[in-house]
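For reference, the structure discussed in these notes is given below.
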Amino acid sequence: GSGGAVPAAGCGAMACAALVLVLALNTALRAPQTPPREARAFLSRALGSAMVLQRAPQRARLWGATSPLARVHVTLLPSGVQEWTTADVNGTWRVLLPPIEASLGHSVNISSSSGESVALTDVAFGDVFLCGGQSNMVFSVPGMTNSSAEIAAADSYHHIRIFTVGIGTQSLVPLRDLQTVSKPWQVVSSKTIAQGATPGHTMFATFSAVCWIFGRTISDSLTKAGKMRSDGGAVPIGLVSNNWGGTRVEQWMPPDAIEPCTPLANDPEDDRQTHDDDSSSGVDVLIRGRDDLELQQVDGVPAEKLVLQE
């Protein structure tokens with residue numbers, strides 16, 4: 001696909017390898033898929049220690065799965081905020097936190113009456129952005145033409161946190177939680193921004209170059225405008241990299257969104273009709289769970305209009 005990706009270093013054999021990878025992904029995505037057996041976690045795999053939750057005026061949400069009708073208790077420290085909820089008949093629980101200003105250093109303790117518990121540390125509140133796209137969005141920071149300088153500069157942005165969705169799951173039906181996570185929430189550093197790169201293999205390392213440049217630019221703009229935390233530090237930024245090379249737009253959409261757009265199958269003149277190989281399964285994407293993941297909006301523009309796509 002086309003797109004404004006950061007130029008990747010290297011051609012020749014690397015370009016051929018990338019082409020083979022894209023073709024292989026396209027072939028796999030067109031093949032008939034058996035819905036995976038869904039695994040659900042007490043705390044959604046989209047969440048974790050070192051994460052960024054959306055700051056005030058929005059209210060961040062925590063969610064996961066436990067026993068049906070179990071009571072779930074959430075404590076946020078150091079504020080001491082406590083919230084309770086009851087899981088639904090399917091075991092899904094959700095807790096809506098009060099609005100919390102941009103800040104660092106929170107802990108979250110979550111427990112269920114059925115025995116599960118989890119303790120999160122180094123949680124931040126700031127602005128969260130979702131980056132989604134195809135192969136140009138997968139191109140990584142170590143593959144940039146100025147990668148050495150960019151990687152070194154990352155050590156000045158510890159208030160930015162990154163999360164990478166995996167590409168190991170496809171499903172014919174929407175899933176309630178991520179089944180594949182490439183890298184959980186991490187604090188940005190010269191090490192974490194370049195994970196997975198080896199000499200000669202820098203194009204598809206851990207974190208998206210475009211997503212990183214977008215987040216760094218947003219952070220620099222907020223700081224330049226004097227929009228800081230109450231303690232004078234930079235506003236935390238959360239970047240979710242959710243990309244899969246070679247995927248079609250239909251695979252990023254739930255069935256109920258595609259159905260009204262499907263032309264009559266008995267019209268042989270309509271080249272827009274959905275063929276069997278065009279209705280392939282959806283990928284393991286965080287977009288499916290966007291009702292739970294609160295994202296930043298700019299001047300009233302919904303976050304899904306702001307994400308970087310090819």
Side-chain angles (χ1 to χ4, degrees), residues 3-7 46-58 60 99-106 121-133 137-165 183-195 205-243 286 290 293-309:
V6 178
L47 308 173
S49 293
M51 67 180 171
V52 178
L53 296 174
Q54 185 58 43
R55 61 172 167 157
Q58 292 177 253
I100 297 176
E101 298 297 331
S103 51
L104 296 171
H106 298 271
T121 59
D122 194 23
V123 174
F125 286 82
D127 292 336
V128 185
F129 297 92
L130 174 63
C131 305
M137 284 296 295
V138 178
F139 293 157
S140 66
V141 172
M144 296 169 57
T145 53
N146 60 334
S147 60
S148 297
E150 199 64 47
I151 291 170
D155 283 328
S156 299
Y157 292 88
H158 293 314
H159 59 285
I160 298 181
R161 315 292 176 83
I162 55 177
F163 179 97
T164 303
V165 179
K183 289 293 180 182
W185 284 101
Q186 302 177 94
V187 175
V188 161
S189 69
S190 56
K191 179 180 179 180
T192 59
I193 203 69
Q195 283 181 333
T206 293
F207 203 72
S208 163
V210 176
C211 191
W212 164 245
I213 295 299
F214 170 79
R216 179 175 60 73
T217 301
I218 290 290
S219 178
D220 291 344
S221 297
L222 289 172
T223 299
K224 185 177 180 180
K227 298 180 179 180
M228 312 291 285
R229 303 194 308 264
S230 60
D231 62 3
V235 172
I237 301 292
L239 301 175
V240 179
S241 179
N242 187 190
N243 311 297
L286 194 61
R290 211 196 69 74
L293 183 72
E294 293 295 332
L295 301 173
Q296 171 64 322
Q297 298 188 16
V298 177
D299 294 333
V301 178
E304 58 266 30
K305 300 297 184 182
L306 297 172
V307 298
L308 298 170
Q309 298 187 358

Under the 3.5 angstrom rule, does the side chain of [X] hit a backbone N or O of [Y] as a donor-acceptor pair?
X: Arg161; Y: Ala50; result: yes
X: Asn243; Y: Gly133; result: yes
X: Gln54; Y: Gly126; result: yes
X: Ser208; Y: Met137; result: yes
X: Thr217; Y: Ile213; result: yes
X: Thr223; Y: Ser219; result: yes

Could you give the distance from [atom1] ([X]) to [atom2] ([Y]), rounded to the nearest 0.5 Å?
X: Arg229; Y: His159; atom1: CZ; atom2: NE2; result: 8.0 Å
X: Glu150; Y: Ser147; atom1: CD; atom2: OG; result: 9.0 Å
X: Asp127; Y: Leu53; atom1: CG; atom2: CG; result: 12.0 Å
X: His158; Y: Leu104; atom1: NE2; atom2: CG; result: 11.5 Å
X: Ser189; Y: Ile151; atom1: OG; atom2: CD1; result: 10.5 Å

Are side-chain heavy atoms of [X] and [Y] found at a separation under 4.5 Å?
X: Glu101; Y: Ser230; answer: no
X: Ser241; Y: Ile162; answer: no
X: Thr164; Y: Phe207; answer: yes
X: Thr192; Y: Val187; answer: no
X: Trp212; Y: Val188; answer: yes
X: Ile237; Y: Leu222; answer: yes
X: Phe163; Y: Met51; answer: no

Nearest heavy-atom pair of [X] and [Y]: which atoms, and what distance?
X: Ala154; Y: Ile193; answer: CB-CG2, 4.0 Å
X: Ala56; Y: Pro99; answer: CB-CB, 3.7 Å
X: Val235; Y: Ala102; answer: CG1-CB, 4.1 Å
X: Ala46; Y: Trp185; answer: O-NE1, 2.9 Å

* **Under 3.5 Å side-chain donor-acceptor pair for Asp122 and Ser49** =>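 Per modelled atom types, Asp122 and Ser49 side chains form no pair under 3.5 Å.
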
